[in-house]
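Note sheet for the following structure.
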Amino acid sequence: MRGTQGLPEPFAGDLDMTVRTRFAPSPTGFLHIGGARTALFCYLHTRRVGGTFILRVEDTDRERSTQEAVDAILEGLHWLGLDPDEGPYFQSDNTAHYLEAARRLLEEGKAYRCYCSRETLDELREQQRAQQIKPRYDGRCRALAAAGTPFPDGQPYVIRFQTPTTGVTAWEDQIQGTIQFPNEELDDLVLVRSDGAPTYNLAVVVDDHNMGITLVIRGEDHISNTPRQMHLFQAMGWPVPHYAHMPLLHGADGSKLSKRHGAVSVLQYRQEGFLPTAVNNYLVRLGWSHGEQEIFTQSEMEQWFDVREVGRSAAIFDLAKLMWINGHHMRAAHPDQLLPDLLFHLAQRGITDPDPQQVRAIIPEFQPRAKTLVEMAEKCHFFFVDSVLPYEEKAAQKHFLTAPVAPYRALLESLTALPEWEMAAITQAFQQTVAAHGLTVGQLAQPVRVALTGTSVSPGIYEVLYLLGREKSLSRLQEGARLLGNAQEENAR
RNA sequence: GUCCCGUUCGUCUAGUGGCCUAGGACAUCGGCCUUUCACGCCGGUAACACGGGUUCGAUUCCCGUACGGGACGCCA
């Protein structure tokens, strides 16, 4: 699980020289669609400016971090084409750096030891809530430390940062505009836990500095952490990065995306037959636009996306639009590109060894007819089975049982007699049969379609005949002829 | 409760004081194309949260209200 790469040289100084962003997930679960969007924005923004996209796994919570989650995040990012330029780095490898920073702060009198117990703190918070004021640490140990009270021996303690109590902390957010917090709203955050482990806010600041991060792109749920982190940068004497806080992605009911809204792993979208570029395309349009363009290729996104153009309000995840965009990318894709995925999804339905040549050949017929690869596999399933019997009930009733028998048989004969199984010949045979019996194409096409596919829906009937091949076409038509004959006898009785 | 952020058609968005009787897209409804289904094409319904300012003029600027979201951990 350890990253093998060492940390880069400390960031030199000029924030605008080279953009370095990081995506910093905590491995406590899979990569869901909201996290994927954050990663995408980071990735895209660095592409345009030729910057560096870094992946940093924030596993300072050893209790909840798992290797499975790390793997799932890596695989999800890879599927979307969002592989990092650097990393993954693991915060658990950098503990010494964090503790060193905390030690320095302590030495310089910018941090202090706090001996308050969790019970004391809980009580305090409860009181504050009762008084309807913002729950926060009241700094009692800070006062003690300032008064020079000696440390009690053998008592567990945490290290807290000494937050400025006056003034205002403000920054120009690349997305949100100016944001400011009166420092009196902030409390003294814990830097090091009583078990000696560093906390998130410390680790983030030390790493962002050591990794030379110039621009922090993250969800707006981190806005309230920003002033604290800025104070830490300043206390350490480090330059503060730029920030861009993205509006959150919400579920259909308008609240933060969660499992009940389908905030499933991005890999679930692969399973459901979506194309990674389509997912990216959908996600990039949530909060960002480029004129009136809806459809983007991966490279267009990479050329045009600018985090400063991202809107400020939260968006709701809309599956219908994702489907439409995916359908578009399905149609635009080269059939060769779709082939491996379609083979996979056919296998999922039990079609384990179709002729890849044939699968490749039918793809163009289904590109305009399927919005996902799963749908494509469903719709072309009939090509690969031994028999389409029994016919779909409604299709049989409406289009097959009422078929004109003589023309149907004539077509079967005429197709059987074809010297070559070619589109032109098939088309001609079909049209001649129809004309000879004074029918419309549809009157014969529908029963034939049912016989060939078992349903009333398919690509054009000539194409189906041709692509299905002589052998399967004729045997299915014969099967149909037999059924038609039986049905007719019964009617005669 | 406190602090922070947000608010244009059902949804995603365009719009930065007059070009807006608010544009596009998805969804939806109707039509065309047609051998079915899609695709495609044409058309319809549908929005500036509310109230005050500022201004000759506000969707655009300011204030307030309402509503929504986020944060308030020895989680990240």
Side-chain angles (χ1 to χ4, degrees), chain A residues 24-28 58-61 63-65 91 114 116-118 121-122 125 128-137 156-160 173 176-177 179-182 184-187 189-201 203-204 218-227 245 247-248 250 252 254-256 282 285-289 291-295 311-325 327-328 331 365-371 379 395 399 430 434 440-446 448-450 453 455-462 464:
Chain A
S26 61
T28 53
E58 311 230 313
D59 55 354
T60 48
D61 184 346
E63 303 280 299
R64 299 194 300 153
S65 301
Q91 289 195 319
C114 168
C116 294
S117 68
R118 291 175 204 251
L121 263 18
D122 288 346
R125 270 191 284 273
Q128 288 165 326
R129 279 191 204 275
Q131 289 171 53
Q132 304 204 320
I133 58 176
K134 183 189 254 183
R136 63 227 256 245
Y137 182 60
Y157 64 90
V158 299
I159 298 177
R160 282 187 189 270
D173 196 275
Q176 307 283 345
I179 299 182
Q180 39 182 291
F181 281 81
E184 59 183 352
E185 290 297 331
L186 277 22
D187 63 0
L189 74 171
V190 172
L191 263 21
V192 179
R193 304 193 231 295
S194 52
D195 65 357
T199 61
Y200 163 77
N201 279 299
V204 164
R218 63 197 347 182
E220 72 179 359
D221 49 342
H222 283 285
I223 286 180
S224 58
N225 284 323
T226 305
H245 287 95
L248 264 24
H250 287 178
S255 70
K256 196 177 177 182
Y282 174 68
R285 282 287 291 106
L286 259 29
W288 179 79
S289 62
E292 293 191 331
Q293 188 168 338
E294 296 287 347
I295 301 296
R312 287 171 297 260
S313 54
I316 293 174
F317 183 82
D318 179 17
L319 186 62
K321 185 147 185 185
L322 205 211
M323 292 280 264
W324 175 77
I325 288 177
H328 200 104
R331 273 170 257 138
E365 288 304 322
F366 291 94
Q367 281 179 289
R369 292 179 167 81
K371 290 201 169 13
K379 292 194 167 173
H399 301 291
F430 204 104
V434 165
T440 64
V441 172
Q443 283 173 297
L444 192 52
Q446 278 307 82
V448 168
R449 195 183 312 278
V450 175
T453 72
T455 76
S456 61
V457 175
S458 84
I461 200 66
Y462 310 141
V464 171

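Chain naming here is simple, since letters A, B, ... match the order of the sequence lines and numbering starts at 1 in each.
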Let me know the distance between [atom1] of [X] and [atom2] of [N], rounded to the nearest Å.
X	N	atom1	atom2	value
A:Leu286	B:A25	CG	P	18 Å
A:Gln367	B:C39	CD	C1'	11 Å
A:Phe366	B:U36	CZ	C1'	12 Å

Using purine N1 to pyrimidine N3 plus N6-O4 or O6-N4 for Watson-Crick, or N1-O2 and O6-N3 for G-U wobble, both under 3.5 Å, which nucleotide pairs with [N]?
N	result
B:U55	none
B:U35	none
B:C20	none
B:C74	none
B:G64	B:C50

Can a side chain N or O of A:Ser289 be found less than 4.0 Å away from OP1 or OP2 on B:A14? yes

Assign [X] to base, sugar-phosphate, or nothing according to its heavy-atom contacts below 4.0 angstrom with the strands shown.
X	result
A:Gly287	sugar-phosphate
A:Gln176	sugar-phosphate
A:Gln443	nothing

Where A:Arg449 and A:Ser458 come nearest, the two heavy atoms and their spacing: NH1-OG, 2.8 Å

Those residues that, when tested against A:Arg118, pass side chain to side chain donor-acceptor pair (under 3.5 Å) (two or more places apart):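 For A:Arg118, no residue satisfies side chain to side chain donor-acceptor pair (under 3.5 Å) once neighbours in sequence are set aside.
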
Does A:Tyr200 have any ring pair (Phe, Tyr, Trp, His ring centres under 6.0 Å) partners at least two apart in sequence or in another chain, and if so, which?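 For A:Tyr200, the residues satisfying ring pair (Phe, Tyr, Trp, His ring centres under 6.0 Å) (neighbours in sequence not counted) are A:His222.
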
Which parts of nucleotides 65-76 of chain B does protein reach within less than 4.0 Å, heavy atoms only, written one letter per nucleotide 5' to 3' as B for base, S for sugar-phosphate only and - for none? ----SSSBSBBB

Taking atom types as they are modelled, is there a donor-acceptor pair under 3.5 Å from the base of B:G1 to the side chain of A:Gln131? no

